[in-house]
Number of protein chains: 2
Amino acid sequence: MARAAGVSQPAVSRAFNPKASITKEKRDRVLAAARELGYVPNVFASSLSKRSSKMVAVISGNLNNPFYSESLQVFVENFQRTSRQVLAFSVQDQQSSDEVMMEALRYPVDGIVMTSAKVTSEMVKLSEGLGIPVVMFNRSVPGTGLATVQCDNRAGGAALARRMAAAGARSFLVLRGDPQGSTSQERVAGFRDTLAALGRLDLEEIEGGSNYSGGYAAIMSRFNRPAPDWPDAIFAVNDIMAIGCADALRGNFGLRIPEDILLAGFDGIREGQRHPYRLTTVRQPIERMVSETLDILDQPDGGESSLRLIPGDLIPGTTVKARGEFL
Amino acid sequence: MARAAGVSQPAVSRAFNPKASITKEKRDRVLAAARELGYVPNVFASSLSKRSSKMVAVISGNLNNPFYSESLQVFVENFQRTSRQVLAFSVQDQQSSDEVMMEALRYPVDGIVMTSAKVTSEMVKLSEGLGIPVVMFNRSVPGTGLATVQCDNRAGGAALARRMAAAGARSFLVLRGDPQGSTSQERVAGFRDTLAALGRLDLEEIEGGSNYSGGYAAIMSRFNRPAPDWPDAIFAVNDIMAIGCADALRGNFGLRIPEDILLAGFDGIREGQRHPYRLTTVRQPIERMVSETLDILDQPDGGESSLRLIPGDLIPGTTVKARGEFL
DNA sequence: TTGTATGCGTTATCAA
DNA sequence: TTGATAACGCATACAA
């Protein structure tokens, strides 16, 4: 390619580097020849000497959960805008993310974003050794000093508890997700503690898969008992489970929401705000969380051990209302 | 690293290559040292000499359309399984995919999958010159000889038309998506031609954004007219639009589906089969389509100009029924 | 089976 | 501003 354009090989490199010192004339000549020959600079070779690949690994949970696909979409948009690319990994629901992360580390990515994970400290060590910054997105791993960007799950859970209590609910059902997940734990903790402080102790907790079917199935089995034993209010730890709940409650038990039973979710996914649902929920400000993540990755030190706790937005919705509000 | 383990550099390379000739003893020693030092082979450097990066670019439409996120999920799973990775790109709804594809070509990926695209022939030339195989997924570009994996959209549209006609519908509304998109065009063509053959000519076509809001908004504006002017049946070119339609029809006009109006979609996304919808639709067999795509990419010649037309599965659903069926 | 030498395509260093 | 040269980390051809 270099000799095809009649220039030296470094000249080609400079022609494609906007801030290199080269005469406009020569640059144009190179660029023209490149177009002619269908030449495109090879990012890999470049990364080998520059030690920056312009690639960021994003390891997410199953993309059939809208929260993950929405997040990924925002990540891709934002990285693309800064001419970086997303190397996408997905970790199956119950799978350990260590193997996946190991796979990601084989690529000299400029950073790793984990939106779903049970990371072991060995992996953290490994990534540190390789000098690859890791940011936990919507996940926290207490032991490690990993940089974390997270919605204030505890406060969000608390807000929903207050709202449900204010609406007059007396018996509560909490539908937890992955018991290992920090997200689920924190939301439930905030919810539980707040109810306790309010003196509402009739609280039952059950678990379900952290997806639509999990929410649906949990309702099917719990509402198998006779009606007097049904709760007033349900808090599902995320919207997609709440949607599963809503469909099961309406479709199989003829319950109206919120007239017969209150329901709240968490995440604020688009789907949850559509006509049939209008969930009362807490929205995770994904855009903001993503830009905080980029910010951390752009820091020279990889933003080590910085914790960014971002408040969620309470969306009133229509699935939690006081009797007075709808009677 | 090589001298840290007390071996030559190629020995390290061989240790990590399962089918290289090296004594088990030496391999173990290298692997042990690697674990110790936190060493991981660099895929980029490897790709530089092997001319295979183990990366495939997947360029998709907005991931907030479940069809794209479901497809991406399947791609990621399948590639991960064969220890290849997905470099994810997203092209905005009306944006040209040329720039995005250009960006992708800078990475020496082993292939490019386009799930949404208006590719120009220049780009095709460029990718050919670079020896990077391109597969169109759920899209066809007539002029170019690009490898294509596609559901039989025309046949699917035809099947839905027959079903709606059989259910007794007399006036039809077709909600098209992106007018440029081959997918939308083919589905509508199949639908339209079949109705014509059946002698049902009362068919109106309108356009909407190819997403939830597009479907919702289209209904809101079309049903502004008085009721006698409403159609019997609606065919939305994809499920996410159909879901928007359903929500708008029920929520704002009090219409029941299928009692008052018939509705059909296309794609067979999960969401469309949930309780509130149960869309009559044609499922694109994503798993099958993805494995066909991998198959093409694995072929030495990049599967040039092979067209794989895969039949869709008609899902009966509950949104298209003859009067007799529900009276 | 092993090590030496070379090349992959780019950037960084240095001298011109 | 330029060009020659040496890395970058790995894989392969070849000789041992």
Side-chain angles (χ1 to χ4, degrees), chain A residues 1-31 33-34 37-55 83-85 102-110 126-127 129-132, chain B residues 1-31 33-34 37-55 83-85 102-110 126-127 129-132:
Chain A
M1 159 68 203
R3 65 174 169 282
V7 299
S8 74
Q9 188 268 319
V12 178
S13 171
R14 289 193 258 260
F16 279 95
N17 187 335
K19 49 188 175 302
S21 59
I22 182 176
T23 45
K24 176 171 173 7
E25 180 182 86
K26 172 165 289 192
R27 166 171 289 146
D28 290 346
R29 187 148 49 98
V30 173
L31 261 42
L37 295 167
Y39 163 85
V40 179
N42 184 329
V43 181
F44 283 17
S46 157
S47 98
L48 212 51
S49 46
K50 284 202 315 185
R51 338 198 106 260
S52 158
S53 60
K54 290 291 187 184
M55 284 184 9
S83 71
R84 285 180 285 194
Q85 309 307 335
M102 189 66 191
E103 197 47 42
L105 286 174
R106 300 191 53 225
Y107 294 76
V109 290
D110 292 349
L126 194 53
S127 66
L130 291 170
I132 299 181
Chain B
M1 159 67 204
R3 65 172 169 283
V7 300
S8 73
Q9 180 266 317
V12 178
S13 170
R14 291 191 255 260
F16 279 95
N17 188 333
K19 50 189 174 301
S21 58
I22 182 176
T23 47
K24 174 173 174 10
E25 182 181 83
K26 173 165 289 191
R27 166 171 288 145
D28 290 346
R29 186 148 49 96
V30 173
L31 262 42
L37 296 168
Y39 163 85
V40 179
N42 184 329
V43 181
F44 281 17
S46 154
S47 98
L48 213 51
S49 44
K50 283 202 315 184
R51 341 199 101 259
S52 157
S53 60
K54 291 289 187 186
M55 282 185 8
S83 72
R84 284 180 285 193
Q85 310 307 335
M102 189 67 191
E103 197 48 43
L105 286 175
R106 301 190 53 225
Y107 294 75
V109 290
D110 293 349
L126 194 53
S127 67
L130 292 169
I132 299 182

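Lettering of chains follows the sequences in order, A, B, ..., and the numbering in each one begins at 1.
Closest contact between the side chain of B:Ser46 and the listed nucleotides D:dA4, C:dC8, D:dA11 involves D:dA11. Proximity note for A:Lys26 (side chain, C-beta onward) versus C:dA5, D:dT2, D:dG9: the nearest is D:dT2.
Residue contacts shown for A:Ser21 include a base, since a base heavy atom lies under 4.0 Å away. Heavy atoms of A:Pro41 sit under 4.0 angstrom from primed sugar atoms or phosphate atoms, though from no base atom. B:Thr23 comes within 4.0 angstrom of sugar-phosphate atoms only, judged by non-hydrogen atoms across all strands, and of no base. When heavy atoms are screened at a 4.0 angstrom cut-off, B:Phe16 is found touching no nucleic acid atom at all.
Each of B:Pro10 and B:Ala45 has a nearest nucleotide on DNA chain D; the 5'-most of these lies closest to B:Ala45.
Counting heavy atoms from C-beta outward, B:Arg106 and A:Phe16 have side chains that stay 4.5 Å or more apart. You'll find the side chain of A:Ile22 stays beyond 4.5 Å of the side chain of A:Asn17, heavy atoms only. Using a 4.5 Å heavy-atom threshold, the side chains of A:Lys26 and A:Arg14 count as separate.
Rounded to whole Å, the distance from NZ on A:Lys54 to P on C:dT10 is 17 Å. B:Gln9 has its CD atom 11 Å from the C1' atom of C:dT6, to the nearest Å. Computed from coordinates, the B:Ile22 CD1 to C:dG3 C1' distance equals 12 Å when rounded to whole Å. Atom CG of B:Asn42 and atom P of C:dG9 are 16 Å apart (whole Å). Rounded to whole angstrom, the span from the CZ atom of B:Phe44 across to the P atom of C:dG7 amounts to 24 Å. Spacing between atom NZ of B:Lys50 and atom C1' of D:dA11 amounts to 8 Å, rounded to whole angstrom units. For A:Arg27 and D:dT2, the CZ to P distance is 10 Å, given to the nearest whole Å. If you take CG of A:Leu48 and P of C:dA12, they are 12 Å apart, rounded to a whole angstrom.
Judged by atom type and distance alone, A:Ser49 reaches the base of C:dT10 through a side-chain donor-acceptor pair under 3.5 Å. A:Arg14 contributes a side-chain N or O that forms a donor-acceptor pair with the base of D:dG3 under 3.5 Å.
Side chain of B:Arg27 to main chain of B:Ser21: no donor-acceptor pair is present (N/O by atom type, distance under 3.5 Å, no hydrogens or angles). Between the side chain of A:Ser53 and the backbone N or O of A:Ser47, no donor-acceptor pair lies under 3.5 Å.
Distances shown here put a side-chain N or O of B:Tyr39 below 4.0 Å from the OP1 or OP2 atom of D:dC10. Taking only side-chain nitrogens and oxygens, B:Ser13 never comes nearer than 4.0 Å to OP1 or OP2 of D:dC10.
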